[in-house]
Number of protein chains: 2
Amino acid sequence: MLMKAKHVNKALEEAVPLRNPIKIHEAMRYSLLAGGKRVRPVLCIASCELVGGEESIAMPMACALEMIHTMSLIHDDLPCMDDDDLRRGKPTNHKTFGEDTAILAGDALLSLAFEHVAAKTRNVSAERVVRAIAEMSSAVGSQGLVAGQIVDLASEGKDVSLSDLEYIHVHKTAKLLEAAVVCGAVMGGGDVIEIEKVRKYARCIGLLFQVVDDILDVTKSSKELGKTAGKDLVSDKATYPKLMGIENAKKFAGKLLGQAIQELDYFEADRAAPLYHLAIYIAGRQN
Amino acid sequence: MLMKAKHVNKALEEAVPLRNPIKIHEAMRYSLLAGGKRVRPVLCIASCELVGGEESIAMPMACALEMIHTMSLIHDDLPCMDDDDLRRGKPTNHKTFGEDTAILAGDALLSLAFEHVAAKTRNVSAERVVRAIAEMSSAVGSQGLVAGQIVDLASEGKDVSLSDLEYIHVHKTAKLLEAAVVCGAVMGGGDVIEIEKVRKYARCIGLLFQVVDDILDVTKSSKELGKTAGKDLVSDKATYPKLMGIENAKKFAGKLLGQAIQELDYFEADRAAPLYHLAIYIAGRQN
C-alpha cells in the first residue's frame, strides 16, 4: 500500500511538470505534491487489480482523482469558504500564493484531471474511458463534492440533523471515494457484478472515512492532524461525535468497517487483500 | 445562426435543471442562461456540420463549451481577480450569490461540462469522444484559459509587450474557440485534413475575437456592452488599440478575417457558409 502510494507520487510529479507559466504550476504542485495519504489513487489501483487489471492502466485515473481531491481542498480552504490556514501540515494554497492563484490552481487541477485520463490512459477501451470519465465527473459537480460543500456552508451555525450530516458527507467525501473504486474496476475490466460489489464496498468506506475524520477532529491536536484541529467544533459544524456521542460514533465506524469487508467476500482473498487492508487502515488512521 | 443559438439555449436549459441543492443550481443557471452570444457552441455545431455531421451529435459538446466559458467568466469576475460587478448586462455571479457560491458554481459547471459530453453524446464513437475531451480540457487548464488569466493578472499595471498580449489572448480566448471548432469536427467525423483546416480557421477567429473585444472596450459604453466598459484602460491592462493604435488594430482585425475565410475554401461553399458568416459576425459585432 505504501509502495502504491509511492508510485502514485511519482506519477503525480510527472503529470504536473514545472513549466510556464511558472507560478500556476508551482501552486498546483505545492498542494498536489504535499504528501497526502493518496487514499483515492490507492483505492482506484487496488480496485483495478481486484478485477484483474494492472496498476499502469489505472494510474492516469488514480492521478486524476488526487487532482480533483486537491482542487476541492484548495477551494474549500479559501477565506470565503472554510477560511483555513493550515493543510497537510503547511500553509494553505491561498496563504502561500494568494486567493486568485489558488482559485486558478484548483481550476487547472480539475481540468487537468480530465485531460490526463483522456490523453494518458493506455490499454483500456475508449468505451471504458468514457464511462469512467462520466463516473468521476458526476462525483465532483452539483450532485457531488460541490453539493456537499454548498450544503455544508449553508449549515454552519444551524442545527443539523443526522440526515443532513449524512448528505454532506456522502457528497463531500463518499462520492469521490466511490468513484475511485468504481473507476478502478471499470478501467481494470470488471464486469457488472464486480463493479456493483466494489461500489457497495466504497459506499461503506466513504462514510467510514468521514466518521473517523470527525472523531479525529475532536480527539487530536492540530500538530498531529496537520490541519487546524477542533475547527468543526469551534465553527459549530455538525459532526458524528456531536450528534451521537463519541462512543456511538466509534461503534458506527466499526459497523461500517464490517459491512465493507463483507462485500469483498465475493472476490479471491489474495486479490481482495489490499482493499481489505485499506478499509482497516481507514478505520484505524490517526491523522 | 440565430436558430442554432436558440437550440443551444434550449439544450443548456435542459442540461442544468433546477434541482437540489437549489442555490448552487440557481447560481449555475443564472450565469449560464444569461443570454450570451453562444459563439463557442454555434462554432462547434457549424464545424460538425461542415464535415458532414448532424447538429444533435455535437450538441452535448457545444453545451459543454458554453459551461466552461461561463465558468471562466464567473471566476475571472471575482473580487480577487478582475473584480467586475457587471456581466452580460446583469450583476456578476458573486454579487448576486456571494463569493463562495460563485466559486462553487464555476467548479460545478466545469465538471458538468465533462460529465455532459461523456454521458450525453450519442452516435459518436467512444474514440472520438475521448479525443474531443482531451482537446477541450487542454484548452481550460494551465496551458489554456488558466494560463491566460494568470499571466493577465500578473501583467496588470506593468508594461506589456505585443507578444505577451498575444500570449494572454491566445490562452484566454483563442484556445477555447479553437477547441470548439476542432471538437465539432471531431464529433462530426472529420478526417485529418479537415480537422487541420478548421483548426487554422479557428486560430484566426480566436485572435480576431479578442482584437474586436479590445476595440469595443475603448469605443463603446457599458450599457451597450452589457459589461463595465473602459475597464481595460482604467486598470491599465494591455490591449491591441493601446499597443498599436485603434486604426492599426482595426486593420489587423481585417487581416485575420481574410485568413480565416481563406481556410474555408477547401470545403463545399454551402457547408462552409455558416462558418463564413460567423467569422464576419465576429469581426462586425458591436457588443
Side-chain angles (χ1 to χ4, degrees), chain A residues 16 19-21 23-25 27-28 68 71-72 75 78-81 94 98-119 121 125-147 149-151 153-154 167, chain B residues 16 19-21 23-25 27-28 68 71-72 75 78-81 94 98-119 121 125-147 149-151 153-154 167:
Chain A
V16 191
R19 54 181 166 172
N20 282 320
K23 192 180 179 188
I24 189 71
H25 292 94
M28 291 163 77
I68 287 173
M71 172 284 292
S72 78
H75 283 188
L78 287 166
C80 68
M81 303 254 204
H94 65 272
E99 280 179 60
D100 50 357
T101 302
I103 292 170
L104 291 170
D107 294 348
L109 284 169
L110 180 51
S111 66
L112 180 58
F114 294 102
E115 184 181 355
H116 198 64
V117 171
T121 301
S125 72
E127 282 76 13
R128 282 185 182 263
V129 174
V130 171
R131 190 172 160 194
I133 288 173
E135 178 84 28
M136 178 170 78
S137 52
S138 75
V140 186
S142 64
Q143 305 294 308
L145 288 174
V146 167
Q149 178 67 1
I150 200 112
V151 173
L153 288 168
Y167 181 93
Chain B
V16 191
R19 53 182 167 173
N20 282 320
K23 192 180 180 187
I24 188 70
H25 292 95
M28 292 164 76
I68 287 173
M71 171 284 293
S72 78
H75 282 188
L78 287 166
C80 68
M81 303 255 203
H94 65 271
E99 281 179 58
D100 49 357
T101 301
I103 293 170
L104 291 170
D107 294 348
L109 285 169
L110 180 52
S111 66
L112 180 58
F114 294 102
E115 184 180 355
H116 197 64
V117 172
T121 301
S125 72
E127 283 76 13
R128 283 185 181 262
V129 174
V130 171
R131 191 171 158 193
I133 288 173
E135 179 84 27
M136 178 170 80
S137 53
S138 74
V140 186
S142 64
Q143 305 295 308
L145 287 174
V146 167
Q149 177 68 1
I150 199 113
V151 172
L153 288 169
Y167 181 94

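Each chain gets a letter, A, B and so on, in the order the sequences are listed, and its residues count up from 1.
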Student: In terms of heavy-atom proximity below 4.5 Å to chain A, should B:Q143 be classed as side chain, backbone, both, or neither?
Tutor: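 Side chain of B:Q143 only, per the 4.5 Å heavy-atom cut-off to chain A.
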Student: Salt bridge (charged side-chain N to carboxylate O under 4.0 Å, His left out) with A:E115: which residues, sequence neighbours excluded?
Tutor: none
Student: Report the option among B:G106, B:A118, B:P79 that has the most heavy-atom pairs separated by less than 4.5 Å from atoms of chain A.
Tutor: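 Highest number of pairs under 4.5 Å: B:A118.
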Student: Tell me, side chain or backbone of B:V151 under 4.5 Å from chain A's heavy atoms, or both, or neither?
Tutor: side chain
Student: So, for B:I68 and B:A113, which heavy atoms are closest and what is the spacing to 0.1 Å?
Tutor: CG1-CB, 3.7 Å
Student: Measure distances from A:R19 to the heavy atoms of chain B and classify the residue's part below 4.5 Å as side chain, backbone, both or neither.
Tutor: side chain
Student: Examine whether an atom of B:L112 lies under 4.5 Å from a heavy atom of chain A, and if so say whether it belongs to the side chain, the backbone or both; otherwise answer neither.
Tutor: neither
Student: Can you tell me which portion of A:I150 sits under 4.5 Å from chain B's heavy atoms? Options are side chain, backbone, both or neither.
Tutor: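 When you check distances to chain B, atoms from both the backbone and side chain of A:I150 fall under 4.5 Å.
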Student: Compare all side-chain heavy atoms of A:L104 with those of B:L153 and state whether any distance is below 4.5 angstrom.
Tutor: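 Yes; the side chains approach each other to less than 4.5 Å.
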Student: Would you confirm whether A:S111, through its side chain, and A:A108, through its main-chain N or O, come within 3.5 Å as a donor-acceptor pair?
Tutor: yes
Student: Which of the residues A:S142, A:S72, A:S138 is involved in the greatest number of heavy-atom pairs with chain B at under 4.5 angstrom?
Tutor: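 Answer, by heavy-atom pair count under 4.5 Å with chain B: A:S142.
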Student: Do B:I103 and B:H94 come within less than 4.5 Å of each other through their side chains, counting heavy atoms only?
Tutor: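 With C-beta onward as the side chain, the pair stays apart.
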Student: Which label fits B:H75 and A:H75: parallel for a plane angle under 30°, tilted from 30 to 60°, or perpendicular past 60°?
Tutor: perpendicular
Student: Which bit of B:M136 comes within less than 4.5 Å of chain A, counting heavy atoms only: side chain, backbone, both or neither?
Tutor: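 The answer is neither part of B:M136.
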Student: Do A:D107 and B:V140 make a side-chain contact, defined as non-hydrogen atoms from C-beta onward lying under 4.5 Å apart?
Tutor: no
Student: If you count heavy-atom pairs under 4.5 Å with chain B, which of A:M71, A:E99, A:M81 comes out on top?
Tutor: A:M81
